[in-house]
4 protein chains.
Amino acid sequence: MAVYENGNGSVFANDAKINLQRVPNLSDFFPDLPKYPNPLNENKYFHPSKGFFATETQFVAKSVTIDVSNPNPPNQKYFMLAGPREKVVFKSEDVKAAIVTCGGLCPGLNTVIRELVNGLWHQYGVRQISGVLAGYRGFYSSDTVYLDPKVVDSWHKVGGTMLDTSRGGMDLKKIVNSIEDRGYNVLFIIGGDGTLRGAHGIFEEIKRRGLKVSVACIPKTVDNDVAVIDRSFGFQTAVEAAQAAINAAHVEAESTPNGVGLVKLMGRSAGHIALHATLSSRDVDCVLIPEVPFFLKGPGGLLEFLDQRLAENGHCVIVVAEGAGQDLMPKSGDGAKDDSGNLLFQDIGYWLSGQLKKHRNENHPGKVFAVKYIDPTYMVRAVPSNATDTLYCTLLAHSACHGAMAGYTGFVAGPVNGTYCYVPLEQVAYNQHLVNVNHQKWAWVKSLTNQPEFVKPDSLP
Amino acid sequence: MAVYENGNGSVFANDAKINLQRVPNLSDFFPDLPKYPNPLNENKYFHPSKGFFATETQFVAKSVTIDVSNPNPPNQKYFMLAGPREKVVFKSEDVKAAIVTCGGLCPGLNTVIRELVNGLWHQYGVRQISGVLAGYRGFYSSDTVYLDPKVVDSWHKVGGTMLDTSRGGMDLKKIVNSIEDRGYNVLFIIGGDGTLRGAHGIFEEIKRRGLKVSVACIPKTVDNDVAVIDRSFGFQTAVEAAQAAINAAHVEAESTPNGVGLVKLMGRSAGHIALHATLSSRDVDCVLIPEVPFFLKGPGGLLEFLDQRLAENGHCVIVVAEGAGQDLMPKSGDGAKDDSGNLLFQDIGYWLSGQLKKHRNENHPGKVFAVKYIDPTYMVRAVPSNATDTLYCTLLAHSACHGAMAGYTGFVAGPVNGTYCYVPLEQVAYNQHLVNVNHQKWAWVKSLTNQPEFVKPDSLP
Amino acid sequence: MAVYENGNGSVFANDAKINLQRVPNLSDFFPDLPKYPNPLNENKYFHPSKGFFATETQFVAKSVTIDVSNPNPPNQKYFMLAGPREKVVFKSEDVKAAIVTCGGLCPGLNTVIRELVNGLWHQYGVRQISGVLAGYRGFYSSDTVYLDPKVVDSWHKVGGTMLDTSRGGMDLKKIVNSIEDRGYNVLFIIGGDGTLRGAHGIFEEIKRRGLKVSVACIPKTVDNDVAVIDRSFGFQTAVEAAQAAINAAHVEAESTPNGVGLVKLMGRSAGHIALHATLSSRDVDCVLIPEVPFFLKGPGGLLEFLDQRLAENGHCVIVVAEGAGQDLMPKSGDGAKDDSGNLLFQDIGYWLSGQLKKHRNENHPGKVFAVKYIDPTYMVRAVPSNATDTLYCTLLAHSACHGAMAGYTGFVAGPVNGTYCYVPLEQVAYNQHLVNVNHQKWAWVKSLTNQPEFVKPDSLP
Amino acid sequence: MAVYENGNGSVFANDAKINLQRVPNLSDFFPDLPKYPNPLNENKYFHPSKGFFATETQFVAKSVTIDVSNPNPPNQKYFMLAGPREKVVFKSEDVKAAIVTCGGLCPGLNTVIRELVNGLWHQYGVRQISGVLAGYRGFYSSDTVYLDPKVVDSWHKVGGTMLDTSRGGMDLKKIVNSIEDRGYNVLFIIGGDGTLRGAHGIFEEIKRRGLKVSVACIPKTVDNDVAVIDRSFGFQTAVEAAQAAINAAHVEAESTPNGVGLVKLMGRSAGHIALHATLSSRDVDCVLIPEVPFFLKGPGGLLEFLDQRLAENGHCVIVVAEGAGQDLMPKSGDGAKDDSGNLLFQDIGYWLSGQLKKHRNENHPGKVFAVKYIDPTYMVRAVPSNATDTLYCTLLAHSACHGAMAGYTGFVAGPVNGTYCYVPLEQVAYNQHLVNVNHQKWAWVKSLTNQPEFVKPDSLP
């Protein structure tokens with residue numbers, strides 16, 4: 001079977017069209033780019049043998065299931081296999097690397113930074129590594145910090161980011177000016193979808209200016225709504241950390257007549273944390289996520305469910321994702337945004353807490369009732385990565401190092417079906433991974449919580 | 001040295017007056033009350049030997065320090081030594097015990113209940129033990145639950161209270177009617193100062209009606225503001241649990257330019273938790289407690305301190321007790337109270353968070369700034385007791401059992417200088433233990449945080 | 001592209017041979033087996049829509065990477081997609097299910113049992129579910145326990161197995177007699193490779209006797225050496241739990257001159273836990289696993305490395321898998337086996353600890369030296385599953401339920417590349433997944449620890 | 001009441017003899033020693049007011065209980081109240097302080113060091129503080145490390161000791177020579193009873209040589225067998241940490257037929273940790289401590305109890321202190337000692353584990369049986385101090401600073417009945433605090449575990 005590649009990143013094999021998703025390489029823009037043997041060849045711990053280096057012909061399937069009654073799934077895509085390449089496009093001594101973290105905190109941020117430094121230093125002999133402080137604005141508004149393995153040695157045991165982070169500061173021109181002035185040629189950008197869209201702009205501007213600079217990205221979103229790759233780092237840790245809040249809500253609810261424990265968890269557009277935390281806990285009576293609209297009053301609504309559950313069980317635990325129910329709350333009217341450009345949400349937990357109290361006061365006056373509202377956001381996201389995420393962060397970071405040194409640019413490093421890949425940056429920056437409410441997992445949640453469908457009677461056929 | 005006791009619970013020895021604080025005994029009211037040998041005499045594990053039983057002549061000094069230049073400290077008090085007595089006033093088969101928990105949650109509540117049950121069952125052969133549900137109202141508004149060692153076996157590993165709790169419901173007449181109707185003769189009441197004042201009323205009413213009922217109390221206040229005894233149960237656990245919130249605040253604050261981490265901790269009248277959590281953490285820049293007034297604006301105020309600290313360190317962690325700064329906030333006007341009769345507080349953390357933002361926006365516009373406000377209250381108080389508190393809860397509960405079986409009534413069980421005592425109920429119910437701001441410990445906190453004195457210039461002499 | 005299937009579970013597409021790995025179905029042996037609609041059709045939470053049910057034509061690729069220069073990887077295999085089927089082969093009221101756990105403990109065991117019960121009960125309306133006690137011998141030597149969702153409600157929060165487990169007891173005839181006598185028709189067997197080989201025997205004997213019984217297996221090995229599927233349940237929890245031991249070893253080693261912290265971790269044939277725990281910790285100087293032979297004395301040996309590391313750093317942390325270095329220790333001579341038939345290992349940690357002391361005493365007399373040996377095995381494996389594993393255990397259990405109800409038998413449920421599959425039992429029972437020491441991950445470990453290759457000089461070319 | 005002091009540290013008040021336990025002061029040996037105002041007078045955080053400074057006439061009672069029928073308890077002792085004194089005997093700039101840690105690890109060691117440094121630096125303006133490395137031998141065999149608040153800032157979050165520790169090295173002459181040569185005048189010695197006896201030798205030698213050097217000691221023994229003071233630092237943390245091991249033992253025991261979980265805990269002479277961990281856990285069937293002899297075979301022995309408990313409950317959890325049952329094991333014959341001079345113990349847990357297996361094999365052949373032996377020693381003692389101990393360590397350290405600066409020497413700082421005192425060094429160095437097996441607490445343990453008395457039939461009267 002011969003493989004033909006077309007200009008759009010697709011190849012044709014026989015009658016099968018294979019959709020290969022290549023990421024750009026500096027050699028695409030600099031045809032005469034010299035290449036050098038990978039320093040890992042000289043590394044006493046690696047002993048590259050046959051098959052050690054990944055090649056440009058190796059790809060990873062996005063969809064692993066086939067239907068033998070229809071063996072050409074229409075939407076199959078293949079991403080480039082991550083890993084060290086036989087040749088690199090930088091001499092170690094010429095590399096000036098910069099690492100920046102943007103947006104909110106996420107467990108494992110410091111681990112990613114640490115392992116970028118270690119990967120560059122120990123595997124590629126890079127000695128000039130700068131930490132850009134406090135997000136994008138740090139490129140132009142402050143000094144950077146020197147990084148080496150000794151400096152970052154204990155960072156994986158600390159939550160947050162030692163490089164500071166902030167929202168906003170995305171002044172494209174100033175940033176690329178600074179990159180040019182300071183001579184960085186390998187950039188590692190760690191941030192959420194807003195950050196990645198910024199990174200895409202930086203990548204385009206760098207290309208426009210004809211700079212020989214690799215732009216490698218690592219998606220960071222504790223919400224886990226990142227597209228294409230399996231999951232975002234820190235997510236497992238966050239789900240674990242959220243258990244303490246649900247446990248407290250459950251204890252509070254059970255310890256008082258008609259007690260309600262209400263926990264708000266992160267998730268602006270996607271309810272992954274709320275969903276997974278609910279599945280791990282088993283103590284939740286109702287989980288509300290942005291993907292599933294709900295309403296309060298009348299048959300089929302949340303208040304009816306609450307009353308039923310209190311009548312049956314005497315207590316009720318509700319988990320609500322921060323982005324759920326935004327349509328229900330009075331608008332703040334001004335469309336205020338945070339410095340990352342995210343619409344500022346009203347606090348659904350606080351609002352819901354008030355609504356539940358109001359309902360009970362009006363409809364069950366004189367009955368003991370209490371809502372205990374817990375917002376564990378910072379306690380969930382400011383912890384260090386657990387063992388699972390620590391390992392994951394390391395593999396992400398090392399994959400990014402291998403890719404950048406090999407000249408790949410405008411890419412995201414991450415696992416697809418458990419295998420590390422390089423994914424075109426725009427595919428991740430401009431897409432989101434929401435909870436699939438048609439999937440069994442959501443059905444299973446409902447069967448576990450026995451929560452209602454939130455279907456208004458008049459919307460039934 | 002002869003000892004003479006006067007009618008007010010004091011004795012005179014030579015020229016020294018010894019202030020003995022006796023607690024009432026049922027035999028004070030029923031002069032012919034029959035007494036029985038303590039069942040521990042027949043317990044194969046206890047082998048009472050000489051000195052095993054506590055006597056009515058053993059007391060514990062409240063003050064352990066003496067000044068040999070003035071050996072008669074004016075305020076020395078002596079409390080009755082707790083422990084099993086040689087004689088008890090109940091036959092095991094006649095005891096009908098009831099246990100009730102009131103007010104908010106506190107780590108160790110379930111452990112106390114468990115050990116009351118175990119102490120009664122295993123040490124005194126009591127077989128009729130009822131759990132009163134959901135606080136005082138449970139005496140008259142619901143069935144009770146049967147308790148035995150098997151039922152309570154795993155309770156010490158669970159936060160909250162298996163008996164439910166609630167505020168209010170203190171209908172004296174109905175409660176004592178129910179006690180009389182159901183025939184309880186040994187009551188264990190676990191709750192805060194409001195609850196203890198209620199218990200004092202019950203004790204008086206029981207006395208008035210001439211009922212042969214022991215009323216034993218165990219003070220429960222996670223705030224640790226209980227008078228006379230060394231500390232309240234669950235306090236050590238709460239201080240430990242609060243560390244996670246302070247750590248998160250610290251990480252959040254350090255991970256962003258001009259980051260402020262703000263943590264609200266329990267403490268309506270007394271800042272013990274805030275103070276101890278600060279001392280254990282060492283990551284706090286300022287701790288605000290009810291005992292120390294503060295103000296925001298102008299020289300010596302909190303906002304000035306904030307600006308200085310941010311300028312020096314780039315971040316700031318503030319811990320505020322829930323009862324601090326109540327005078328600063330706009331009044332809600334209605335003097336609303338919760339069902340325990342406590343004045344409802346406005347949320348100082350939420351308010352302060354807004355004030356800090358407002359100040360920075362107005363006075364440092366354009367500068368990155370963020371306040372991360374954490375209210376870990378339920379996550380701190382809904383956990384099970386740690387090892388230290390588990391042991392403590394047990395000794396409290398067993399002390400209470402010994403006292404009640406010996407006929408003591410209207411008393412609180414608890415340690416004074418590490419030795420378990422019986423304290424007259426009204427001394428605990430009508431007093432509070434606040435942070436002594438003249439003590440070295442508070443000076444030490446200030447030296448540790450370097451926080452200001454909050455002295456307004458014009459208030460200086 | 002047409003697909004043809006041959007008798008050996010393979011199909012041919014054009015010139016490509018697709019290796020489909022079907023698992024047996026009871027309808028293979030009972031051609032006239034009646035089928036019933038899946039009860040999920042009537043379940044209010046599931047609303048099966050198009051694509052909800054998995055079909056017999058859906059398969060999951062074992063290898064997700066392709067090389068477009070050679071698009072037919074020679075060893076590609078496809079496993080049956082797990083999930084609910086449109087038809088089931090049992091009426092709910094006819095199902096008599098039995099669940100058994102065998103071998104050593106593993107985090108998540110109770111969660112798997114809980115979710116088998118919940119899956120059967122809530123999704124398939126099964127009401128006769130028995131827990132077989134204490135492993136295989138429980139089939140014939142003791143009563144079973146009744147299981148329903150209420151009984152198992154809190155089991156996921158408890159380590160170990162509520163059904164008891166034991167090694168051995170694999171008396172094939174007695175077991176199948178009991179299955180026949182008691183009328184079980186759906187079996188869930190949870191255990192390690194020895195257990196799965198036993199399960200294969202049971203499956204074969206059931207087939208031989210012509211019984212209509214589904215045999216569904218869930219591999220349990222905290223060592224994570226299970227073949228085909230992505231990982232075994234409890235593994236992530238164990239790696240996390242092992243961190244406490246490595247931390248303690250590190251603190252002990254650092255707190256004394258020439259201190260050595262030595263930690264033994266599980267791993268009879270495969271060093272996955274040792275490897276992953278090392279990668280998560282970063283505080284380890286040398287990790288010894290069964291897949292990589294090592295030696296003590298002479299150039300390139302462990303003792304030389306130890307001396308160097310102590311001279312450089314003053315301390316050293318070593319992690320050793322229980323199956324490493326077995327060739328170095330004096331034989332116990334008797335080839336003793338445990339009741340599962342596993343060769344009893346000598347304690348490599350204890351032995352190694354002695355060897356290190358002996359070496360230092362002989363070669364560095366008078367120098368301070370200390371080995372602190374930690375064996376955290378039971379503390380690692382007896383904990384409840386963490387959030388990641390709790391979810392994983394649930395998906396495993398529900399997959400197994402769906403498969404068994406659809407009549408599949410002699411199969412293992414588990415994820416392949418993150419997608420849940422049914423795998424022929426013998427492929428898992430008779431294979432093992434070892435650490436691939438040619439993979440970058442092992443190279444990376446070595447670069448992280450800087451440990452030697454353990455190559456004897458004379459074995460060099 | 002006049003107070004007369006005699007030469008032996010006793011005073012007479014009327015007919016009452018008050019036993020005052022003064023500690024030496026440098027001014028006792030240097031009558032003309034100049035004194036300086038306490039620098040705290042100038043410290044903006046402390047504002048010493050009336051009553052702030054402790055005086056030489058303030059003492060703390062050892063016994064807090066009185067019997068009013070006999071108001072002169074024969075053994076009452078009074079210790080000097082700790083705290084800052086109005087005058088100090090060193091100018092801040094003249095102080096050369098040295099801190100040394102000896103013996104095994106204990107939670108909180110680093111916290112004590114940190115707070116000695118902070119107390120000296122911030123409260124007394126001391127700027128020359130040296131850390132002596134690796135125990136006593138560090139005085140003469142290695143350089144010291146410079147300490148200041150910045151260096152020690154995060155030490156309280158780390159287990160072990162940053163100064164290293166070791167056993168032995170107690171060469172009195174070399175040590176005092178070094179003290180003299182290096183000019184140290186304030187010594188802080190942190191260690192167990194062996195270390196304190198060494199410290200007493202140093203104190204005597206310093207006195208003999210006429211050196212103006214304060215010797216302040218802080219007892220460190222995770223076993224909690226320290227005399228006079230309330231408890232040793234780290235003990236509460238250790239009891240907490242031991243819970244994980246007991247939980248694992250309990251899960252292992254419950255998960256297999258006739259399962260035994262055996263946990264060895266620290267406690268060479270005193271069973272405090274075993275006792276407290278048992279009381280906190282409630283899952284223990286038998287606790288064996290050095291203070292209570294036991295035997296294995298025959299009526300009333302451990303094996304009989306084991307068989308009974310397994311027959312009744314199906315499992316059994318045993319906690320054994322390391323020093324228990326030493327008389328039962330075959331002697332190693334050589335009376336080997338560790339470098340601290342402690343007799344090397346054989347491992348009672350390992351030995352007992354073998355004895356239990358042997359017994360069951362011989363007397364219950366063919367029955368499933370398993371012992372899971374856990375030795376969590378290093379995992380218990382190498383953790384950082386919990387919140388309770390962190391605070392405690394700080395108060396200990398600050399008390400020691402105040403005492404040393406005031407010229408007290410040859411003393412131990414620690415709480416007596418919750419109030420911090422200075423205790424003559426020899427009272428702590430030459431005494432031990434064992435478990436009082438005649439106390440109710442031990443009776444209570446037995447009633448909780450239902451364990452036997454271990455009384456041989458022929459030893460009955």
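First the proteins, then the strands, lettered A, B, ... as listed; each starts at 1. Note that this is a predicted model, so its numbers are computed, not measured.
Atoms CG and OG1, on C:Leu391 and A:Thr278 in that order, are 11.0 Å from each other to the nearest 0.5 Å. Within the model, atoms OH of A:Tyr78 and OG1 of C:Thr65 stand 10.5 Å from one another, a figure rounded to the nearest 0.5 Å. Distance check, rounded to the nearest 0.5 Å: OG1 of A:Thr419 to CG of C:Asn417 gives 6.0 Å.
Within residues 53-61 of chain A, the residues having any heavy atom less than 4.5 Å from a heavy atom of chain C are, in residue-number order, A:Thr55, A:Thr57, A:Gln58, A:Phe59, A:Val60, A:Ala61.
For the pair C:Lys157 and A:Asn247, the minimum side-chain heavy-atom distance is below 4.5 Å. Counting heavy atoms from C-beta outward, A:Asn450 and C:His122 have side chains that stay 4.5 Å or more apart.
Of the possible donor and acceptor atoms, none in the side chain of C:His276 sits under 3.5 Å from a partner among the backbone N and O of A:Ala387.
Heavy-atom pairs under 4.5 Å with chain A were tallied for C:Ala277, C:Ser281, C:Gly83; the largest tally goes to C:Ser281. Comparing C:Lys62, C:Gln123, C:His398 by how many heavy-atom pairs each has under 4.5 Å with chain A, the most go to C:His398. Of the listed residues (A:Asp283, A:Asn43, A:Val416), the greatest number of heavy-atom pairs within a distance under 4.5 Å of chain C belongs to A:Asp283.
One side chain, C:Thr394 or A:Arg282, offers a donor N or O that lies under 3.5 Å from an acceptor on the other.
What you find for C:Leu279 and A:Thr390 is that their closest heavy atoms are O-CG2, 4.5 Å.
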Evaluate side chain to side chain contact (heavy atoms under 4.5 Å, CB included) for C:Thr388 paired with A:Val239, printing each intermediate quantity in order. CA-CA 8 Å; C:Thr388 302; A:Val239 171; over 6 Å; no

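Both the backbone and the side chain of C:Glu240 have a heavy atom closer than 4.5 Å to some heavy atom of chain A. Both the backbone and the side chain of A:Phe52 come within contact range of chain C, each with at least one heavy atom under 4.5 Å from a heavy atom of that chain.
In this structure, the side chain to side chain contact (heavy atoms under 4.5 Å, CB included) partners of A:Val251, at least two apart in sequence or on a different chain, are A:Ser255, B:Leu105, B:Ala382.
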